[in-house]
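The figures that follow rest on heavy atoms only: side chains count, while hydrogens, waters and symmetry mates do not. Residue numbers begin at 1 in each chain, while the letters A, B, ... track the order of the sequences. None of the values given here were measured: they were computed from a predicted structure.
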Number of protein chains: 2
Amino acid sequence: MDATQMTDDVGGSPARPTRRERARAATIDEIKETALRIMHEQGRTDLKFSEIAREMGMTAPALYRYFNDRDELLTAMIVDAYDDLGNKVAQAREAVDPDDLPGRFYAVAAAYRAWANREPERFALIFGLPLPGYVAPEEGPTTEAAQRAMMQLKAMFLDAGQRGELRSPMITHVDKALHKPAKDEDEVMTPAGAGPLPPEFFQACLTSWSMLHGFISLETYGHFGFIGPEGSDALFNTVVQLTALTSGYPWPADGDS
Amino acid sequence: MDATQMTDDVGGSPARPTRRERARAATIDEIKETALRIMHEQGRTDLKFSEIAREMGMTAPALYRYFNDRDELLTAMIVDAYDDLGNKVAQAREAVDPDDLPGRFYAVAAAYRAWANREPERFALIFGLPLPGYVAPEEGPTTEAAQRAMMQLKAMFLDAGQRGELRSPMITHVDKALHKPAKDEDEVMTPAGAGPLPPEFFQACLTSWSMLHGFISLETYGHFGFIGPEGSDALFNTVVQLTALTSGYPWPADGDS
DNA sequence: GCGAATAGTAATGATGCATAACCAACGTGA
DNA sequence: TCACGTTGGTTATGCATCATTACTATTCGC
């Protein structure tokens with residue numbers, strides 16, 4: 001029934017994706033790539049079936065074979081965006097010596113920033129005002145994808161915690177409401193084999209996200225244009241530093257980068 | 001020529017706005033109010049002349065008498081949004097005892113937050129991805145309005161500085177690029193009769209903005225839904241506290257609110 | 001009151017989404 | 001190898017919306 005789910009259908013033959021399935025998957029990828037390209041070219045986050053089809057040398061109704069409606073395609077685009085962001089961040093983190101915790105923290109922040117600056121439309125797609133008609137499917141794939149991406153930050157704190165490198169976060173109160181995230185979500189967000197993250201560091205995780213996200217968001221949309229690129233870089237370094245220091249994450253005594 | 005500027009036109013008859021001018025100004029206000037209402041009702045930041053007109057009991061082409069094109073109306077909406085935000089923040093600040101600096105800081109942050117939560121569309125309009133076709137007029141009114149709003153934060157630091165209440169911000173490097181914002185902008189952003197803000201506090205001003213903005217942006221777009229309203233409040237308090245502490249702004253030793 | 005500027009309407013053309021009906025191609029099984 | 005069913009695609013249709021042109025009515029100011 002659901003066209004988009006036929007590709008990764010379970011039960012069938014996991015070893016051998018049939019020829020048709022491969023062709024279908026390729027077309028789906030091409031649709032998404034085309035949609036993404038149009039988003040970049042035009043600086044918008046909404047999509048027009050007719051335009052995508054035209055760009056692909058197809059006709060609009062054909063796309064309905066692959067996505068039942070606009071929202072389904074949008075959902076796929078959002079999930080892809082979250083996953084791409086998460087992958088880029090994870091990749092950046094793992095490219096740094098595991099013992100260099102500050103380096104990993106900086107790499108994660110820098111990857112987040114670079115991704116946003118490189119793809120403002122995708123950034124807006126997942127972190128901006130939801131598109132007019134769009135309603136995210138309840139408890140659906142977008143939420144899960146968001147949690148996967150968010151987990152990258154949490155994993156970093158967990159890792160530092162397991163190495164006993166976390167200092168106490170710079171906060172006076174740890175609020176009860178933040179002690180326990182919903183259980184099922186916690187399962188998703190906690191990497192296998194890791195103990196639970198102490199509540200104060202979960203809170204630190206969220207404040208870190210906020211701080212980094214604020215700079216990145218303002219920069220991405222051009223609100224720091226008046227301080228120039230060098231100013232932006234300097235400000236970013238400062239924000240990263242403050243984020244690490246306040247969250248209890250290891251940071252060199254006078255390190256600037 | 002420029003329809004939107006006829007209302008606050010200088011030079012003309014300052015004492016006596018003619019009947020036509022008054023009617024015209026009223027209509028312009030109604031257009032903007034209607035546009036804003038539609039934005040709220042539909043959760044979108046773009047505008048459709050036809051819809052605005054219909055809502056006003058008019059027809060679309062009539063609006064072109066007041067705004068030459070969509071961009072002109074958008075510019076007016078953006079300026080109004082910045083001004084409203086700035087006013088609300090200033091208002092909140094001035095409602096607190098001038099000697100209670102932490103209270104003022106919190107009030108400003110809370111006003112920023114409340115404004116964003118109350119008007120997500122306006123928030124997106126000025127802090128989100130620019131609308132597809134729209135190009136902000138160079139050196140135009142939007143930039144000035146943005147600076148006026150931003151000045152509220154700067155003024156708060158200036159005031160604390162004049163009272164000798166500022167501690168050193170928690171940063172190791174003050175970057176040259178941030179030392180001198182462009183001169184003309186500095187004129188706009190510095191309230192009359194105040195000495196210049198030392199560079200490290202200008203930097204602190206920007207980091208404060210980033211930190212607060214990050215939380216507010218994520219919360220406004222529903223990314224903190226999973227921690228619930230109490231969790232959001234707690235997180236906000238923490239972020240405000242961290243912002244004040246890291247920026248050198250006065251904050252009680254163990255104050256939570 | 002008269003004329004010009006201003007406000008408003010009706011008609012036009014273009015575009016987009018979505019669906020239905022129809023056609024082509026491919027691959028599997030007899 | 002040939003026919004049939006599944007899948008992919010196009011043309012045709014209905015509906016809705018928006019910006020603009022050309023035209024009409026109103027209203028102010030002298």
Side-chain angles (χ1 to χ4, degrees), chain A residues 1-9 12-13 16-32 34-35 38-39 42 44-75 77 131-135, chain B residues 1-7 9 12-13 15-32 34-35 38-39 41-42 44-74 131-134:
Chain A
M1 273 301 126
D2 187 350
T4 63
Q5 293 184 357
M6 290 191 62
T7 57
D8 49 356
D9 206 344
S13 50
R16 197 74 170 99
T18 159
R19 179 177 175 79
R20 273 201 160 128
E21 285 170 343
R22 277 187 291 132
R24 183 177 183 82
T27 306
I28 289 182
D29 281 347
E30 190 187 347
I31 293 173
K32 294 195 290 189
T34 307
I38 293 177
M39 280 169 80
Q42 306 203 355
R44 58 174 58 201
T45 56
D46 56 351
L47 339 138
K48 298 167 188 170
F49 267 36
S50 39
E51 188 170 15
I52 297 172
R54 191 185 322 137
E55 201 74 15
M56 292 177 63
M58 291 203 325
T59 57
L63 294 188
Y64 286 86
R65 298 279 180 195
Y66 301 91
F67 297 95
N68 287 324
D69 54 14
R70 188 200 63 152
D71 282 18
E72 210 170 283
L73 175 54
L74 258 180
T75 299
M77 299 291 291
L131 285 177
Y134 181 74
V135 279
Chain B
M1 273 297 134
D2 187 349
T4 61
Q5 294 186 357
M6 290 191 61
T7 58
D9 205 347
S13 49
R16 196 79 167 91
T18 160
R19 178 179 176 77
R20 271 197 163 136
E21 286 169 343
R22 275 187 292 132
R24 183 176 184 82
T27 305
I28 288 180
D29 282 346
E30 191 187 344
I31 292 173
K32 294 194 289 188
T34 306
I38 292 177
M39 282 169 84
E41 285 173 1
Q42 306 203 357
R44 57 174 58 201
T45 55
D46 56 351
L47 339 138
K48 297 166 189 168
F49 270 35
S50 41
E51 188 170 15
I52 297 171
R54 189 186 324 137
E55 203 73 15
M56 291 176 65
M58 291 200 328
T59 56
L63 295 188
Y64 286 85
R65 300 281 175 188
Y66 302 90
F67 298 94
N68 288 323
D69 53 15
R70 188 197 66 153
D71 282 18
E72 210 170 284
L73 174 55
L74 259 180
L131 285 176
Y134 182 74

Practice item. Check every strand shown and say whether Ser50(B) touches a base, only sugar-phosphate, or nothing at a heavy-atom separation below 4.0 Å. Key: sugar-phosphate

Review point. Counting side-chain heavy atoms from CB outward, which of dC18(D), dG8(D), dA7(C) is closest to Tyr66(B)?
Key: dA7(C)

Review point. Within the modelled atom types, does a donor on one side and an acceptor on the other bring the side chain of Arg65(A) and the base of dG9(D) under 3.5 Å apart?
Key: yes

Practice item. May I ask you to test the Leu47(A)-Ile38(A) pair for a side-chain heavy-atom distance under 4.5 Å? Key: no

Check your understanding: Given side chains that start at C-beta, do those of Ile52(A) and Leu73(A) come closer than 4.5 Å, heavy atoms only?
Key -> yes

**Study point:** Between dC17(C) (P) and Tyr134(A) (OH): distance, integer Å
**Key:** 17 Å

Point to revise | Atom-to-atom span, CG of Asp46(A) to C1' of dC17(C) - whole angstrom | key: 13 Å

Review point. OP1 or OP2 of dG16(C) sitting under 4.0 Å from any side-chain N/O of Arg70(A)?
Key: no

Check your understanding: Just how far, in rounded Å, is C1' of dA14(C) from NZ of Lys48(B)?
Key -> 16 Å

Review point. Is the shortest heavy-atom distance from the side chain of Tyr66(B) to the side chain of Lys32(B) under 4.5 Å?
Key: no

Review point. Can you list the steps and then say if Thr75(A) with Tyr134(A) is a side chain to side chain contact (heavy atoms under 4.5 Å, CB included)?
Key: CA-CA 9 Å; Thr75(A) 299; Tyr134(A) 181 74; 2.7 Å; yes

**Study point:** Pro61(B) side-chain proximity, nearest of dC18(D), dT20(D), dT10(D)
**Key:** dT20(D)

Practice item. Can you tell me the distance, in whole Å, between the CZ atom of Arg24(B) and the P atom of dA5(C)? Key: 15 Å

Exercise for review: Provide, to the nearest angstrom, the distance between the CG atom belonging to Asn68(B) and the C1' atom belonging to dT20(D).
Suggested key: 14 Å

Practice item. Grab the CZ-P distance between Arg54(B) and dA19(D) for me, whole Å please. Key: 10 Å

Exercise for review: Return the value, rounded to whole Å, for the distance between atom OH of Tyr64(B) and atom P of dT9(C).
Suggested key: 15 Å

Point to revise | Whole-Å distance separating the CG atom of Asp69(A) from the C1' atom of dG16(C) | key: 15 Å

